[in-house]
Peer 1: 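Supplied in structure tokens, the structure appears directly below.
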Amino acid sequence: MSVLELSNYEFGDILGVGTVGTIYLATDLHTGEQVAVKKLHPRVSRDPLIRARFKREMTILERLRHPNIVSYLGGGREDDSLFFVMEVVHGGTVQNLLDSGGPLPWQAVVEISRQICSALQCAHNHGIVHRDLKPSNLFLTPEGVVKLGDFGIARDLTRADLSSDGVTVGTHAYMAPEQITGDLSVSGKVDLYALGCCIFEMLTDRKVFLGENYAQLFEQHLKQAPPKLRTLVPQCPEALEQIVFEMLAKKADDRPFNARLVQATMLEIAETAEAPETEKAKDDYSFHVGREQLVERIQKRFRPPAVDISWKRFALAGAIVVALIAVLSVVAAMTQ
Ligand code: ATP
Ligand code: MG
């Protein structure tokens, strides 16, 4: 593992505060490159389990080199605390997109899912299950590249697990039934279930299940059929509804075989999309429309608010007042 020192970085703004660490924007003083540094919170840095998990996040990220996974640049220890350095991803998260603009067009959702499946297949091939796939862990570049991040509770199937057997970890709204029951046989299929929940949410801007407390939510994930996607989003292609339905199967064995298969289905859906007339245009359309819509939504978040409307209104109101004064003065002059 490449060992780094914090003195090599100039620290800037806080990018986010997680459960065990704070993430800072920093500049590498040698290369001038901007990076993100995740530092373990001092209050938890002595906890052996948290330290072990943080170290495990580092070793997992180091092994997973993939264009759709946040890249790891090295880590170290300073003043009894641990930190690691990763690429900084500047376009926010899928959660930010949902919060700022509501549901995403299905083509953009297919494009995001295709990229995440590629990341998942890489992780699963290395024996790593993410276990915490959710919109706030899907990072975006301004160019529309999606990067899976936050392997804080990922499980390395090739080693003994750090959480005690049967302990439930993950985020409740995205948890597969076998993850809820603490089944020992969790596999990459829990990530496919969570991705199904994410796709549902990206298309509808609501969670699959809306239980008011953990008990209700767990019961629904374990027993209730998910709502029909196309009743909520009629423009969603049937094939997309079908693959999401399969990903949300209660039994892991009933879900798609692997992330590669879901990725292939996403490509097929993009290819057979309703498209312009000519074959050439169809090809271009199929492969680019989702990415263009995604980039448009990412950039919209960073554009300054459109104040021109209110300025136009203000100017119009001003013009009306001036015109009224002019008319009144003419009337007054004529009546004198
Ligand atoms: P949580 O438990 O809430 O998921 P966490 O401890 O797992 O938090 P992260 O999800 O890794 O922490 O990061 C928290 C926030 O920090 C993210 O939502 C994001 O806003 C920001 N962040 C993390 N990593 C990066 C990065 N590489 N580039 C840009 N921002 C980042
Ligand atoms: Mg997170």
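These figures come from a predicted structure and were not determined experimentally. We count ligands from 1, going down the list as the structure has it; atoms in each ligand are counted the same way.
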Peer 1: Return yes if a side-chain donor-acceptor contact under 3.5 Å exists between T93 and Q95, otherwise no.
Peer 2: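 Not at all, the side chains of T93 and Q95 share no donor-acceptor pair under 3.5 Å.
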Peer 1: Looking at ligand 1, would K134 count as a contact under a 4.0 Å heavy-atom criterion?
Peer 2: yes
Peer 1: Give the single entry among S136, G92, G18, G16 that approaches atom 5 (P) of ligand 1 most closely by any heavy atom.
Peer 2: G18
Peer 1: Counting N and O atoms only, with roles assigned by atom type, does the side chain of Q107 sit under 3.5 Å from a partner on the main chain of V289, one being a donor and the other an acceptor?
Peer 2: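 No; judged by distance alone, with no hydrogens or angles, the pair does not exist.
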Peer 1: What atoms of ligand 1 come closer than 4.0 angstrom to any heavy atom of T19?
Peer 2: 2 (O), 5 (P), 6 (O), 8 (O)
Peer 1: I need the contact type for L15 against ligand 1. Using non-hydrogen atoms and a strict under-4.0 Å cut-off, is it side chain, backbone, both or neither?
Peer 2: both
Peer 1: With a 3.5 Å cut-off and no angle check, do the side chains of Q242 and E246 form a donor-acceptor pair?
Peer 2: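 A donor-acceptor contact under 3.5 Å links the two side chains.
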Peer 1: Applying a strict 4.0 Å limit to heavy atoms, is E87 in contact with ligand 1?
Peer 2: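 Flag set, E87 near ligand 1.
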Peer 1: Which option out of F139, Y72, F151 puts a heavy atom nearest to atom 22 (N) of ligand 1?
Peer 2: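 Shortest heavy-atom distance from atom 22 (N) of ligand 1: F139.
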Peer 1: Is it the side chain (CB and beyond), the backbone, both or neither of L25 that lies under 4.0 Å from ligand 1, heavy atoms counted?
Peer 2: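 No part of L25 is near ligand 1 at this cut-off.
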Peer 1: Consider ligand 1: state whether an atom of it lies below 4.0 angstrom from any non-hydrogen atom of Q95.
Peer 2: no
Peer 1: Are any of the N or O atoms of A36 closer than 3.5 Å to those of ligand 1?
Peer 2: no
Peer 1: Looking only at atom types and distance, does a side-chain atom of K39 sit under 3.5 Å from a main-chain N or O of I23, one as donor and one as acceptor?
Peer 2: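 Here the side-chain-to-backbone pair does not exist.
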Peer 1: Which of the atoms of ligand 1 are close to M86, meaning less than 4.0 Å from one of its heavy atoms?
Peer 2: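 Going through ligand 1 atom by atom, the ones under 4.0 Å from M86 are 24 (N), 27 (N).
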Peer 1: How about Q220 and Q216: does a side-chain donor come under 3.5 Å of a side-chain acceptor?
Peer 2: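 On atom types as modelled, these side chains do not qualify, holding no pair under 3.5 Å.
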Peer 1: Describe, in one word, how the ring planes of F84 and F54 are oriented to each other, choosing from parallel (under 30°), tilted (30 to 60°) and perpendicular (over 60°).
Peer 2: tilted
Peer 1: Hey, are Q179 and Y193 close enough side-chain-wise for a donor-acceptor pair under 3.5 Å?
Peer 2: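 The criterion, which ignores hydrogens and geometry beyond distance, is not satisfied for Q179 and Y193.
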Peer 1: If a pair satisfies side-chain hydrogen bond (donor to acceptor under 3.5 Å, both in side chains) and one of its residues is in residues 248-261, list it, with sequence neighbours excluded.
Peer 2: E178-R255, R260-Q263
Peer 1: Which of the atoms in ligand 1, numbered in the order shown and given with their element, are less than 4.0 Å from a heavy-atom of N137?
Peer 2: 4 (O), 10 (O)
